[in-house]
Structure formats: structure tokens, C-alpha cells
2 protein chains.
Amino acid sequence: MNDVLVVDDDPHILKALKITLHAHGYTVATAPDGESALRAAARHPFGVIVLDLGLPDIDGSTVITRLRQWSHVPILVLSARHGSDDKVRALDAGADDYVTKPFGLDELLARLRAVLRRSIQADDLPLVTTASFTIDLALRRVTRNGQDVRLTPTEWGILELLARNPEKLITQQQLLTEVWGAAYAKEANYLRVYMAQLRRKLEQEPGNPRHFLTEAGIGYRFIP
Amino acid sequence: MNDVLVVDDDPHILKALKITLHAHGYTVATAPDGESALRAAARHPFGVIVLDLGLPDIDGSTVITRLRQWSHVPILVLSARHGSDDKVRALDAGADDYVTKPFGLDELLARLRAVLRRSIQADDLPLVTTASFTIDLALRRVTRNGQDVRLTPTEWGILELLARNPEKLITQQQLLTEVWGAAYAKEANYLRVYMAQLRRKLEQEPGNPRHFLTEAGIGYRFIP
DNA sequence: TCCGGGCGTTAAGAAACCGTCAGGAACCGG
DNA sequence: CCGGTTCCTGACGGTTTCTTAACGCCCGGA
């Protein structure tokens, strides 16, 4: 479960990450390109895969897509580019989180821990609890201060998708296609309206949200 | 109910699991192969059986099939293989959950708890009581203020589905397909008519229901 | 400093939905 | 054949939910 596969074409980064991660108790395997990464992942079950988007052979999101065809292994994406297109595509393909280069090792380690923690507890999902409210996915109910909170179907759809992927960054397109349907993938307006309503109903300070965080230009993230 | 039977041919795993499970409050019995596992299960009623698929004598799914001929005991499968074929066969044969080796003990314990929790609440609750009426699911009877309430077959079908899932939100489609059949999944009209009748017969204030709550656009919820 | 894009907020009309009622069809036992 | 029960169906007003547009704010880039 502490096995990490690091995929990057830069041997320096590869070496640095290997040393750092090893020093923090992880067992590290490395791969220099997409094809060998896919082979390695097929041969050995890793606890998490750290994947650079800029690979020499295959596009990063393609690697993710092909991995996701048979595996739910958590994927943490590294990206040198600032453009958010790549990030959105990677996350839509099924990545769990991303870190922009240049990144601090502390941040990488923290996100690694978060991703691993989530994958362990992702099995049971009947109850999601936060400081100010509780989501019961089985009963389809949200409680706040002991009282039920009335949610409309759309509000619940958004909340459910976010709550099933705690800490994970969900893109606007994912939310829109999941809740409204594929034809609405461009209607980012709706999201703003309904995220505001969710925050008003669930956050202590809707103007300063602690559980429903916005990632500008990309999507939203739910923090339990 | 805390009795666990662990079936594995590797004595090391057997020993490790025995120690770990015992430390978590379970009473543990062990068996090294399929035949002795079946005998042990026949002799003593276990709360759950942890079964390795790779046994020396009988195939794992065969063990499950033979167990299922007379027992509903929850079965948690361990398997070293990654192929999903085994998984599907084991689950089809009647296994309740599945853990792939190598597995973290935390994960195993979590799944064990989940399996046990499910089997406990699956027991029977022939009697459901509320502030104003009582439902006897076994006798198919509803009593209010000591008097029987006459329910039509359709009304009973709705009430039974709701009462078997107290607090849980049942969607209109679930109700319609369960009570009327899959072809009626769109006839939300029927539901409104019959929910009104149920409320008139069972609620103290039919116009202000306390036990049969509406979730607009989704379905209904029964609160005991 | 100005500009533009993305975000949060609000409000109002449109659309969907709900509870209710009642008439008629279908079914069943006598 | 008849009476009673149950079920189906359409219509109506009131309510909830969805959609849509508009406005102001913040931030980063020119």
C-alpha cells in the first residue's frame, strides 16, 4: 500500500523524488515514459501513481485514460504548464489531484498522504462528516446541528458527486455532465448558482467557505 | 456473532490473522483447506467467514457454492490474483466482499466490519412502530389506536417498501417499479393518489404528514 | 491604470411538481 | 346480475424547483 510509481522523463526529478519518497517510508518504482508506466502498473499493484503530464511517448491524459480502464489506483499529476486545459483534461480522465511545477516537496508529500488516506477509506461511503454537517449517502440525507437540511435534486446531485470524492478536485465539466447531462457541459453559470445555494445551506460562513472550495478556472473540491 | 472462521493454506497468514483479529475482539477459528472449512462451518455458526481462494483441495468458488446451499453466513474472500474473473465468480457464487492480496490490515478490518454490519441489520424487523400506528410486516397488518386499518393491495405495497427502509429516501421509480412494475416507472400520478390515501388512513393530519415525507422531484421517505 | 475573465449573489419568470378531487373503468364475491 | 371495492385517469390551484439574466467584486495581464 506504500508502493509508489513515479513517472517522469527527467532523470533528475526522478532521482530526487525517489530519494525523497524513500526517505519518507515509501517504496518507490520509476518509469521514464507512458508505455513503461502502464506496463509497470499492470505488473505490480501500486498504492499511488505520481505522473508527469509531459511524457515523451504518450500524452499524459491518455495514460490516465488507459489506466482507468482497469484500475482505480490513485493518480497524482505533475504538470509544468500553467495552462489549465491540461489539468482539466487530466482530472476529467480520472486523475485524483495535481501539483504544478515547480512544487515544494512538502506540498507533494502532503497531497500524497491525502490521496492515500482517501483511497483507504474510500470503500465505506455511507457517512461523510464535517465540522458542521453530516451527509448520509445511503439514506440520501444531510443533517446539520441535528436537523435535516432540505436539498433540491440538483443540489443533492452536486453534493453527492463531491462527497463521494472527498478532497478530490472535480472539474466543472465533470459536475455539469454528471448532474445536468453532457449537453450542459458549457453552462458554468448553473454551477455558480447552485454552489452558492449549497454553501448557503451548509457552510457556516457562506461567503468564506471551508468545505466547498473553488479552484478558479477548473472546478470545486470538497473538504470534509 | 463475533466468531470468525479464517480459511487459508498459508500457516503464516493464518497465524497473523488470528492474532490481529483476536486483538480486535473477534473469536477466531481457522481451517487450512476447503473440506475442513466446510466441516467447521457446519459444526459451529460463525458470524463471518474469511476465505482464501487459493486452497489446496477444492476451488474457492466451489467452497462458496457448497456453503451457500445451506447457509447465509457472510463470506469475505481473499485472493492473490488480480484478474477480475475470480472476483466475479466468487461474488456470483455468493461471496459478500473481496480483498486482494497484499492487503492492509486496516482495509481487511474495515471490510469485516462492513460485512458484519450489513448482516446484522439484514435480520428481521417484522414490527415497525410509530407514534400513531403499528405495521406488522409478517402478518401484513396495520393497527391504529388498537384497530385494524384496511389497506388495499397497492397501498400495502407502497407501505411495505417504505417501512422496510425506514428513514431512507425511496425514489418514485423504485416505488413504481416495485409496486406497479417496470412499465409504470413514469406514472408519477399514481403515486400521488396513493400516497394521499395512505396519509388519509394513517397520518393524524393528512395535510401535514409526519411519517410520510415528500422529497420534491425525487420520492418519499418514511419516518417511524 | 484600465480591461477582461471568472466568480458569487440576487431576483424573477418559466417550468415542473405536488396534493386533491372526482368520474368512470375494471374487478370480485355473492 | 348486482353492489362494493379498488384502480386508473384527467384536471385544477398552489408550491417548489429550475433556468436565465444582470450586477458587482476580485485578480491578473496589458
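Quick note on labels: first sequence line is chain A, next is B, and so on, each numbered from 1.
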Student: Provide, to the nearest angstrom, the distance between the CD atom belonging to B/Glu155 and the P atom belonging to D/dT5.
Tutor: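 Going from CD in B/Glu155 over to P in D/dT5 covers 13 Å.
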
Student: How close do B/Ala185 and B/Leu176 get, heavy atom to heavy atom, and via which atoms?
Tutor: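 Of all heavy-atom pairs spanning B/Ala185 and B/Leu176, the closest is O-CD1, 3.3 Å.
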
Student: Of A/Leu105, A/Asp10, A/Asp52, which meets side chain to side chain contact (heavy atoms under 4.5 Å, CB included) against A/Leu17?
Tutor: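 Only one of A/Leu105, A/Asp10, A/Asp52 forms a side chain to side chain contact (heavy atoms under 4.5 Å, CB included) with A/Leu17, namely A/Leu105.
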
Student: So, is B/Trp180 close to the D/dC7 phosphate, meaning a side-chain N or O under 4.0 Å from OP1 or OP2?
Tutor: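 B/Trp180 to D/dC7 OP1/OP2: no side-chain N or O under 4.0 Å.
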
Student: Mind checking if B/Tyr220 touches a base, just sugar-phosphate, or nothing, with heavy atoms under 4.0 Å?
Tutor: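 Counting heavy atoms under 4.0 Å across all strands, the contact made by B/Tyr220 is with sugar-phosphate only.
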
Student: I want to know whether B/Phe222 and B/Phe212 have ring centres closer than 6.0 Å.
Tutor: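 Yes, the ring centres sit under 6.0 Å apart.
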
Student: Minimum heavy-atom separation for A/His211 to A/Ala131, with atom names?
Tutor: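 Scanning both residues completely, I find the closest heavy atoms to be NE2-N, 3.8 Å.
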
Student: Figure out the CG/P separation between A/Asn208 and C/dT9, and round it to whole Å.
Tutor: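 It is 11 Å, rounded to the nearest whole Å.
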
Student: Kindly say if B/Arg199 contacts the phosphate of C/dG19, meaning a side-chain N or O under 4.0 Å from OP1 or OP2.
Tutor: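 The answer is yes; a side-chain N or O of B/Arg199 sits under 4.0 Å from OP1 or OP2.
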
Student: Taking the ring of B/Tyr194 and the ring of B/Trp180, is the distance between their centroids below 6.0 Å?
Tutor: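 Distance test on ring centres: under 6.0 Å, yes.
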
Student: So what does A/Trp156 hit on the nucleic acid, given a heavy-atom distance under 4.0 Å: a base, only sugar-phosphate, or nothing?
Tutor: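 Since no nucleic acid heavy atom lies under 4.0 Å of A/Trp156, the category is nothing.
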
Student: How is B/Arg200 classified with respect to the nucleic acid when contacts are heavy atoms under 4.0 Å: base, sugar-phosphate, or nothing?
Tutor: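 The residue B/Arg200 makes no contact with any strand.
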
Student: Nearest heavy atom decides the nucleotide; on that basis, is B/Val193 or A/Gly219 closer to the 5' end of DNA chain C?
Tutor: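 The residue whose closest nucleotide sits nearer the 5' end is A/Gly219.
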
Student: Strictly under 4.0 angstrom, non-hydrogen atoms only: write out the protein contact profile of nucleotides 25-30 of chain D, one letter per nucleotide from the 5' end, B, S or -.
Tutor: ------

Student: Nearest heavy atom decides the nucleotide; on that basis, is A/Asn189 or A/Leu151 closer to the 5' end of DNA chain D?
Tutor: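 Result: A/Leu151.
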
Student: Categorize B/Gln172 for me: base, sugar-phosphate, or nothing, with a 4.0 angstrom heavy-atom threshold over every strand shown.
Tutor: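 Result for B/Gln172 = sugar-phosphate.
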
Student: Output, in order, the C-alpha distance, side-chain angles, deciding distance and verdict of side chain to side chain contact (heavy atoms under 4.5 Å, CB included) for A/Val179 and A/Tyr190.
Tutor: CA-CA 11 Å; A/Val179 177; A/Tyr190 297 6; over 6 Å; no

Student: Can you tell me which nucleotide in D/dC8, C/dC17, D/dC18 comes closest to the side chain of A/Thr154?
Tutor: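 My answer, after comparing the listed nucleotides, is D/dC18.
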
